[in-house]
2 protein chains.
Amino acid sequence: MPDLTLEDVAKQAGVSRSTVSRVLNDQPNVRKDVRNRVQAVIETTGFRPHPAARALASQHSWTIGLVYPHSVSYFFTDPYYPHLTKGIAQACNQSSYTLALFLVDTKEGEEKIFTSITRKGLLDGVLVQSGHHGDQEVIGKLIDAKIPQVVIGRPFRQDNVSYVDIDNINGAFNAVTHLIRMGHKRIGTITGPGQSTAGLDRKTGYLKALSERGLKMDTALILEGDFTENGGYYAMKKMLPAKPDAVFAASDIMAIGAMRAAREAGLNIPTDIAFVGFDDLPLATFSGVQLTTVRQPVAQFGAKAVEILLDLIENGINPPRHIIMETELVIRESCGAGIRK
Amino acid sequence: MPDLTLEDVAKQAGVSRSTVSRVLNDQPNVRKDVRNRVQAVIETTGFRPHPAARALASQHSWTIGLVYPHSVSYFFTDPYYPHLTKGIAQACNQSSYTLALFLVDTKEGEEKIFTSITRKGLLDGVLVQSGHHGDQEVIGKLIDAKIPQVVIGRPFRQDNVSYVDIDNINGAFNAVTHLIRMGHKRIGTITGPGQSTAGLDRKTGYLKALSERGLKMDTALILEGDFTENGGYYAMKKMLPAKPDAVFAASDIMAIGAMRAAREAGLNIPTDIAFVGFDDLPLATFSGVQLTTVRQPVAQFGAKAVEILLDLIENGINPPRHIIMETELVIRESCGAGIRK
DNA sequence: GAAATGCTTGGGAGCGCTCCCAAAAAAAGT
DNA sequence: ACTTTTTTTGGGAGCGCTCCCAAGCATTTC
């Protein structure tokens, strides 16, 4: 089947190019029987318009970009990203948009790719994973280029851009409050890196829960991690001398690392020390003890980002929209629920 | 900066459209000083050709597709896929190709997306993750459509297509042989699903090692998993009554599940029972015991696939090329190396 | 010094669509 | 019946590039 053109279809249906184009784009002012006839030809021939031709004429590529800046090279070690990616990909498929993936791992690569992203014509809009301090530049450039964009995660001190984020503060707050209600007194936290808004917000939630319940904060119980398993492990090792009886880790994977350290120190989970993570990814259940954690609606989150972006593309980027999605505390074994102390 | 066209650049450089095009595409027959002059204008203006216009005129989109068929919906639970994706994305960036991601999770979604993939003009070529029985159809359609494609993983009984794969048989063979050398006698295996070539090949390697070393196979020690943690866990539970003293799991994540089951049964790893996995992903080191495993060169693997695909795009798809990459056994604690029995 | 050869350059045509405008057809109004 | 209004249809122009061909120019050859 040689790829046919709109003109071929027109000939077969006995109409003009324009009419076929109208049918193709669901435009009004086509007689019903003509529309049906054209549609029939399209279907039997399996005709599809040439994407490049369409893009050229309409200045609209039907493609959106998903950018993971180089600061997100832990794409791997944290299973959060593939989940997110999947949600986004699915939403794109559903809307018949093509998803272009830009996974950059160096500052230089970012520069290089940037010129092609900002070139109008390739992408109708861009999704940028952010939440990291270093991503401001990328976002700023996209704003300057006036490319419709939605930031995934709250950007640093930039409000003139649309973003979707989850309620990290509240999620952390609820998790820690739960730990307090369970009777824990010395609750530590392993935070995300200081350049990460998600990490910062979760720490804020932790502190808020402490103060609201009248527990005083102890800096020996606040360690910075890097969202990796090893980061959690080493942070925990440092925290152990301060004798925490519970730990809130800002991600599941750090919780897993932290539990490894606790176990090595001969502590039993959850009787000697309780843990709560953040994410609720499948791996939350892999370790010996089922992890209590804060569930993020990752897939819906990605879908929401796509939804907003498409809206921006169609209706203009102003005013910027900010969406905050709620989390849910999932109680399993590691926090010691169901166990008397 | 309004996006300028090739014609604008031409005017500024005092030459014609054609000359600029020649410079842009590194074509010969342009006087050196003219070329420099044009190049200077391109650089100062930051001009980039409009992708769609270029694609339309050249019938070449500079975009390749990465297809994960619906049978690969465990994209998530297995960290192998993000690693692979990253390798591929990086290779694309390097070659200035755009990567379009097609992550399908239903049979219907596959159909839908397919018409757009096979439409000439969108993609110059396609990378298809395979190794699963159900993917034959996808691959077959792509062959029919004569779209350049490289299959990632060995396809089922289809040799008229290019693919890259790793040497699963040998990898498994080496792992099991190592276990035998360590003195283990009752070596079980948790295989991949029967519709997966990787799973099948690893099983073949296991059997080969057994027979070559004169161990008789015991069907009670051969359980089928599904490449998930839970699959590994339940397979191990079933295997335990048969008293294995070592287990070769066809993926790291299944090994982790299996070790969880073993621990729950009160067994010590590696003194009571040894484990070897397959993949060597970061999570191999997360569990209590560091996992001995077969390392796949995942990133290079992806890069290789891209390399072959670009070659196919430029030089035609015949004859199909088959690349098999070697693995490496990474010895850590879980196999009991360094421990006398 | 004229003819032949090789490089370099410009411009027309065309890739396959969408968009606009004007013509044709149908519907409505008098 | 004829005019006016509305709906439907066709075709030209153009999106921004590449490719081809012919013209222009420099260089070589006899």
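Proteins come first, then strands; the chains are lettered A, B, ... in the order of their sequence lines, and each starts at number 1.
Whole-Å rounding puts the Lys11(A) NZ to dG11(D) P distance at 12 Å. Rounded to an integer number of Å, the gap from Arg37(B) CZ to dT8(C) P is 14 Å.
Considering CG of Leu309(B) and CD of Glu314(B), their distance stands at 10.0 Å, rounded to 0.5 Å. One finds the CG atom of Leu123(A) at 14.5 Å from the CH2 atom of Trp62(A) (value rounded to the nearest 0.5 Å).
Between Tyr163(A) and His322(A), the ring-plane angle classifies as parallel under the 30° and 60° cut-offs.
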(message) Go through it in stages, so that I can follow the logic: the residues are Lys107(A) and Glu137(A), the test is salt bridge (Lys or Arg N to Asp or Glu O under 4.0 Å), and I'd like the CA-CA distance, side-chain angles, deciding distance and then a yes or no.
(response) CA-CA 11 Å; Lys107(A) 190 84 185 158; Glu137(A) 196 186 325; 3.1 Å; yes
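Residue Arg31(B) places none of its side-chain N or O atoms closer than 4.0 Å to OP1 or OP2 of dC7(C). Look at Thr19(B) and you'll find a side-chain N or O under 4.0 angstrom from OP1 or OP2 of dG10(C). Distances shorter than 4.0 Å separate some side-chain N or O of Asn29(B) from OP1 or OP2 on dT8(C).
In this structure a side-chain-to-backbone donor-acceptor pair under 3.5 Å is present from Gln149(B) to Ile139(B). Looking only at distances, no side-chain donor or acceptor of Asp165(B) sits under 3.5 Å from a matching main-chain atom of Ile324(B).
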(message) Strictly under 4.0 angstrom, non-hydrogen atoms only: write out the protein contact profile of nucleotides 16-24 of chain D, one letter per nucleotide from the 5' end, B, S or -.
(response) BBBBB----
